[in-house]
Amino acid sequence: MSKSTIYIISAVALIILAFIFFIAYRLGNLKRLKNKEIELEKQRNLIISTPIMSELAKIEVILKNEKLEEKLKQWQERYEIIKNERYNVITDKLLELDGLIEDKNIKEAKEKVVDLEMEIYKLRVTTDNLLDEIREVTMSEERNRAIVTKLKSRYRDLERTFNNNCNAYQEIYNNVELQFENIEKKFQDFEDVMENNEYDEVVKVVRVLDEMIAHIGVVVEETPDLILLINKIIPTRIKEIRDAYSKMVSKGYPLGYLQIEYNLNTIEEKIKETYDRLKLLNLTDSMFELKTFLSYLDNLMNDFDKEKRSRKIFDENAKSFKYKLEKVNKIVADIYSQLDDIKSMYNLNQDDLNDLETVNRNLFDANNEFNKMIKDLKDKKEPYSVLKDKILNLSMRFEHIEDDLNDCLKSLGSMHDDEIRAREQLEEITELLKKCRSKIRNYKLPIISNNYFVELSEANDAIYEIVKELEKTPITIKTLNIRVDTARDLSLKLYSTTNEMIKTAKLAEMTIVYGNRYKPMDDDIEHGLDVAGQLFFKGNYKKSLETAIAAINIVEPDIYKKMLNVYKDE
């Protein structure tokens, strides 16, 4: 078989396959359209089977007034249009759809389906609305009687509660009883309109009954509590507050900020208005208002307790603060009264003066603030609750003033202490130099080195500088402390040099004397001791000691330790 033959066979097969698919697609569409037609017929039949005729027949039975007769006529006319015109239109369109399906006109058949769906939907809405309007009348009696039965049960419960607690209603009893009678009449009105099939009026009567019973329910439940609040609880609380207020005012409490009399008078007027409305059974917001008043009165008592606690805290802190203030005022006043003398004695720097001035300025402000606080208290401008916070705040700030003052006092006091200490140390340093001179004189050294006299001179000069600084007016404490430190260091250095020189000279002399016993034994020992003696008389005591020890070590290796022990024993 040639390739061209194969291509031809393949093409024919594809064409046949496409044709088969096309036929299957059309048949599928036609089947779906047929099913849709059947579904639309069912929907049409359900619409026409709506029980409108049976509901209209019920109205004919209960027809007793012209208004309802007029409505019945309108409903019948609307139903005739549905049944004889709009229903037939849908039937005709269904026949047209069936013809299109038979002719296999798929495109137009689909358009007709959409048109039919819209017509059936509009007809269903129209039919349902008509049925609802008719049933509003036919089911009115059953529905409204069920509602009224529940309302009557609620009414009997409220009436029983009212009669069992009639004493709790006091002057309002007759008004409430009259309202119950009005509700009884309204129940009779319901029976009358139901008897006459006045269904438009029934709705109004039921609505009024519902509102009246809801209202009388509030009246029955809330009136005893309202009367109790109006006639007993709130008046008693107002009297308690007026008594407490009078006592506190007589004790000097500044309570003007609470506006007690104005607020209590306003509450009494509002309560009277509430009671007048209650007599008319108007309870709108009454319970809320009375509870608000009661809460305000409770808060007033809390305010009174707060003022009492605040007064106790204020009195304690004001007393303590006044004592501290007077003490600090006296100290600062004493400092300023002696400030010229202090300046003449000591060279105060500007920082010291600025710190003192800051303390004085802050102290001045604290005095003014405290005095104003006391004046406001006497004038009853501020309540204790406010004054308490102010005195606590002022006390905390005053602690910083005290700390700053203590720093100033330490600075001024340290100047005097430094001067006393400098004079004491001058005596100690002078005494130390005397000891040095005494030691030098007592030992009678053959020669004293020039370095020693240099140190002695420096120490004397440093002492002289202390004396000069102490004689200045005013004294510069910082410079004086430097002079004292310098003189002390030089004096201690001289004292150490003196002791070391005398010790070394004494050890050298003792070692040479001790070693003379070994001279006949060895020429080297003799020579070393002779050199050591020469060095001693030249004032080179350290080298003399070292030379003598080196010579004697030939026969006595621990000679230096032995001489140290002898020196300590002396």
Side-chain angles (χ1 to χ4, degrees), residues 421-470 480-519 521-570:
R421 188 164 50 252
R423 294 186 184 278
E424 292 173 350
Q425 290 189 3
L426 176 60
E427 293 179 5
E428 293 174 0
I429 295 168
T430 304
E431 186 62 30
L432 193 61
L433 258 62
K434 288 179 181 179
K435 288 181 180 180
C436 292
R437 292 192 188 98
S438 176
K439 283 189 176 187
I440 291 294
R441 285 196 301 269
N442 291 339
Y443 194 70
K444 297 178 181 179
L445 293 171
I447 292 178
I448 299 174
S449 66
N450 290 333
N451 288 338
Y452 182 81
F453 288 109
V454 171
E455 290 185 16
L456 179 61
S457 176
E458 288 177 348
N460 282 321
D461 290 343
I463 291 173
Y464 179 66
E465 290 297 326
I466 295 176
V467 174
K468 284 198 327 183
E469 201 62 42
L470 288 170
L480 177 61
N481 288 336
I482 294 172
R483 298 285 186 259
V484 171
D485 291 342
T486 302
R488 184 182 60 248
D489 293 343
L490 291 173
S491 300
L492 289 172
K493 180 182 178 184
L494 179 65
Y495 185 75
S496 177
T497 301
T498 301
N499 288 335
E500 187 63 29
M501 184 173 62
I502 291 172
K503 175 183 176 183
T504 304
K506 194 170 183 179
L507 283 171
E509 185 178 15
M510 289 169 59
T511 304
I512 292 169
V513 172
Y514 180 80
N516 284 337
R517 71 184 67 183
Y518 296 116
K519 279 184 177 183
M521 295 173 59
D522 191 295
D523 292 340
D524 289 337
I525 294 174
E526 182 180 4
H527 176 70
L529 291 174
D530 289 343
V531 173
Q534 293 171 9
L535 290 170
F536 181 81
F537 286 103
K538 287 179 180 181
N540 196 345
Y541 307 117
K542 183 178 181 182
K543 187 65 176 175
S544 172
L545 176 60
E546 291 173 353
T547 303
I549 289 172
I552 298 172
N553 269 341
I554 297 172
V555 292
E556 200 171 338
D558 58 348
I559 183 62
Y560 181 66
K561 186 182 294 184
K562 186 175 183 179
M563 288 299 102
L564 279 177
N565 290 333
V566 172
Y567 178 79
K568 289 178 181 177
D569 291 340
E570 290 184 355

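Here the structure is a predicted model, which is why all the values come from computation and not from measurement.
Residues D523 and E526 meet the side-chain proximity criterion, which asks for heavy atoms closer than 4.5 Å. Within the 4.5 Å cutoff, side-chain heavy atoms of T511 are placed close to those of I552. Residues L432 and E428 fail the side-chain proximity criterion, which asks for heavy atoms closer than 4.5 Å.
For residues 535-548, no residue pair satisfies the salt bridge (charged side-chain N to carboxylate O under 4.0 Å, His left out) rule, not counting sequence neighbours. Sequence neighbours left out, the pairs with a member in residues 487-496 that pass side chain to side chain donor-acceptor pair (under 3.5 Å) are Q425-R488, D485-R488.
A532 pairs by the side-chain contact (heavy atoms from CB on, under 4.5 Å) definition with I512, S544, T547, A548, not counting sequence neighbours. With sequence neighbours excluded, the residues forming a side-chain contact (heavy atoms from CB on, under 4.5 Å) with S438 are R441, N442, listed by chain and number. Applying the side-chain contact (heavy atoms from CB on, under 4.5 Å) criterion to V454, with sequence neighbours excluded, gives E458. Contacts of T497 classified as side-chain hydrogen bond (donor to acceptor under 3.5 Å, both in side chains), with partners at least two apart in sequence or in another chain: E455. For the side-chain hydrogen bond (donor to acceptor under 3.5 Å, both in side chains) test, no residue two or more places apart in sequence or in another chain qualifies with R517. Scanning for salt bridge (Lys or Arg N to Asp or Glu O under 4.0 Å) contacts around E556 gives K562, with sequence neighbours left out. In this view, E431 and K434, K435 satisfy the side-chain contact (heavy atoms from CB on, under 4.5 Å) rule, not counting sequence neighbours. Remark: D530 engages K519 in a salt bridge (Lys or Arg N to Asp or Glu O under 4.0 Å) (not counting sequence neighbours).
What you find for A459 and L494 is that their closest heavy atoms are CB-CD2, 4.3 Å. In this structure, Y541 and A508 approach most closely via the heavy-atom pair O-CB, 3.8 Å. Closest approach of L529 to G515, counting heavy atoms only: CD1-O, 3.0 Å. Closest approach of P446 and F537 over heavy atoms only: CB-CD2, 4.1 Å.
From I549, atom CD1 reaches atom CG of D558 across 11.0 Å, with rounding to the nearest 0.5 Å. Taken to the nearest 0.5 Å, the OG1 atom of T498 stands 10.0 Å off from the CZ atom of R437. Put simply, CG on L490 and CD1 on I429 are 9.0 Å apart, with the number rounded to the nearest 0.5 Å.
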